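This report refers to the structure that appears directly beneath it.
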Amino acid sequence: MGDTSQTIVVAGGSLAGHTVVTELERRGFAGRIVWVRGQEGTAPYSRPALSKELIQGKVTAETIRLPVQRPYGPRTRIMDGAVCARLDPHADRVLVTRASREERISFDALFVCTGTNARVPRAFAGLPGVHSLRTLADAERIKERLAVRPRTVVVGAGLVGSEMAASLRSCELPVELIVQGQLPMEAVFGAELGRFCLEQHHANGVTTRLGTTVTALSSAGPRGPVTLTYDDGRESTADMVVLGLGAVTSCDWLDGCGLDLSDGLGCDETLRTVRPNILAAGDVANWRHPLFGHRMRVEHWSNASAQARHAVESWLAGQEDRRPPAFADVPYFWSDQYGLKYQMVGHARGHDEVHVEEAGAGGYPFVTYLREGRIVAAAGVNAPRAVMRMKARIQAELAEAPSAGGSSAGDPSAGAPPAGETTSEEVYAR
């Protein structure tokens, strides 16, 4: 499949990049693949495990490596410890840097799968005892500190912050959770499940500060305490601070190339950018969902693999003079905390009605989110069947909506949200 003279560059070494490469290999791409896997210098691994099983000691760095179904072909070049540093604005060529060396690589197609980096305020960066969690190395540094049983403050109560608080409590460590709003995970699930999440933190021994922002951090040294200053003027100390302040997209290297970088990398419904041989997948991709009728970025594991496979299909369709299909998967994610599984399907942004009931053996809350009478999302705790049954219903109801459909191919700005509106599902304290 494909021309042996073609070169595809895949930028990014996490799940989306891994899936693009394996999908190209599976479909028999005959050309050359250059996989620029990033600065981590490690094979791809499961990121969801970092804040849960790895911190809890249930898995190791080796056991969370992503499986390779077959050996990479001889025409696949893997570049570890390397990054795409610049895209030529006038040609199909990227500058790849590794250590002190530079290489310019021309391509026939570029798949941007560079994802996100942890959001760390500049004033907090590099402070001893202050950690963010995005990479395997981040998780291993935090895990090393657990041996001295540190009193830990987790700043930010989104998915990562809440998962970290739960994991540290499972290790029987003292934990305080700083919540910028009034409820943990409220930006993701809303108030109904946010209240339930808060109750679970308290029931498991986590102390919380609600409606609070950390304005300053100072450290006494590698083993000394970290002092936290809050917006009400109060202070506290901790042996370790973990930041769960969300993520920023990793696409600065695309500046000045005529691409839409307003929130990630702007794509049309097929995941192609305004330069049709440049496609995006995973956390970095900002595309107009044809069913929900607006643009979104989805920073979840299942989305990364699904988008990567779809991006490959979109590119192949263009090669074969077929109309590229729209990416219309209904988003899905999960979170494990205190032995409970939170799950959500759909996209709740813009909902105007909420229904709360009970589902599953434990009688835990099950929430449906509606917009103009149609279900756009559903979430529940320990209710996998109820949640997953909603996926097909959401897809069917949105497909019948008057606003569904309508191609924006070739126009990545179509359906853009108002200026300043966050489109990512992963929203944390800033």
Side-chain angles (χ1 to χ4, degrees), residues 1-2 6-38 40 42-50 63-73 75-80 82-84 94 107-116 134-136 247 249-251 264-265 267 269-273 277-287 289 296-319 324-334 425-426:
M1 179 265 291
Q6 289 182 315
T7 295
I8 289 178
V9 173
V10 181
S14 192
L15 178 62
H18 168 83
T19 305
V20 167
V21 173
T22 54
E23 183 70 2
L24 288 168
E25 294 265 11
R26 185 187 71 81
R27 298 181 68 154
F29 175 64
R32 178 175 175 242
I33 301 171
V34 180
W35 187 9
V36 185
R37 293 211 298 200
E40 283 193 69
T42 183
Y45 54 85
S46 170
R47 288 195 193 276
L50 298 184
T63 58
I64 64 172
R65 302 290 183 194
L66 297 185
V68 178
Q69 301 300 324
R70 64 182 74 183
Y72 298 121
R75 292 177 62 81
T76 295
R77 178 188 178 190
I78 296 175
M79 301 183 70
D80 278 332
V83 296
C84 290
V94 290
F107 60 81
D108 295 279
L110 170 65
F111 289 83
V112 180
C113 308
T114 45
T116 58
R134 176 61 184 169
T135 68
L136 178 58
T249 54
S250 180
C251 51
L265 178 54
C267 311
E269 294 177 355
T270 74
L271 304 180
R272 298 186 302 176
T273 70
N277 63 337
I278 299 177
L279 302 94
D283 296 5
V284 76
N286 186 333
W287 89 110
H289 198 294
M296 63 176 73
R297 275 195 316 108
V298 177
E299 298 179 10
H300 299 308
W301 190 248
S302 57
N303 178 75
S305 57
Q307 277 192 333
R309 289 189 294 271
H310 192 95
V312 171
E313 170 59 24
S314 287
W315 181 73
L316 291 175
Q319 295 293 291
F327 182 71
D329 278 25
V330 174
Y332 164 75
F333 74 93
W334 75 97
E425 289 195 41
E426 295 271 19

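Just so you know, these numbers use all the heavy atoms, side chains as well, and skip hydrogens, waters and symmetry mates. It should be emphasised that the depicted structure is a prediction, and the values quoted were computed from it without experimental measurement.
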Are [X] and [Y] packed together at the side-chain level, in the sense that at least one heavy-atom pair is separated by less than 4.5 angstrom?
| X | Y | result |
| --- | --- | --- |
| R37 | P44 | yes |
| M79 | W35 | no |
| V298 | F333 | no |
| H310 | D329 | no |
| L265 | T114 | no |
| L136 | R65 | yes |

Closest approach of [X] to [Y] (non-hydrogen atoms, all atoms of both residues):
| X | Y | value |
| --- | --- | --- |
| L271 | A311 | CD1-N, 3.9 Å |
| I8 | F29 | CD1-CZ, 3.7 Å |
| W334 | P48 | CZ2-CB, 4.2 Å |
| S314 | L279 | CB-CD2, 3.9 Å |
| V10 | V21 | CG2-CG2, 4.0 Å |
| T19 | T22 | O-OG1, 3.1 Å |

Does [Y] offer a backbone N or O that forms a donor-acceptor pair with the side chain of [X] under 3.5 Å?
| X | Y | value |
| --- | --- | --- |
| S302 | Y332 | yes |
| H18 | Y45 | no |
| T273 | I278 | yes |
| E299 | D283 | no |
| R75 | G31 | yes |
| Q307 | A16 | no |
| R272 | W315 | no |

Euclidean distance, [Y] [atom2] relative to [X] [atom1], rounded to 0.5 Å:
| X | Y | atom1 | atom2 | answer |
| --- | --- | --- | --- | --- |
| N286 | T249 | CG | OG1 | 9.0 Å |
| E313 | F327 | CD | CZ | 12.5 Å |
| L24 | L316 | CG | CG | 7.0 Å |
| R47 | T135 | CZ | OG1 | 7.0 Å |

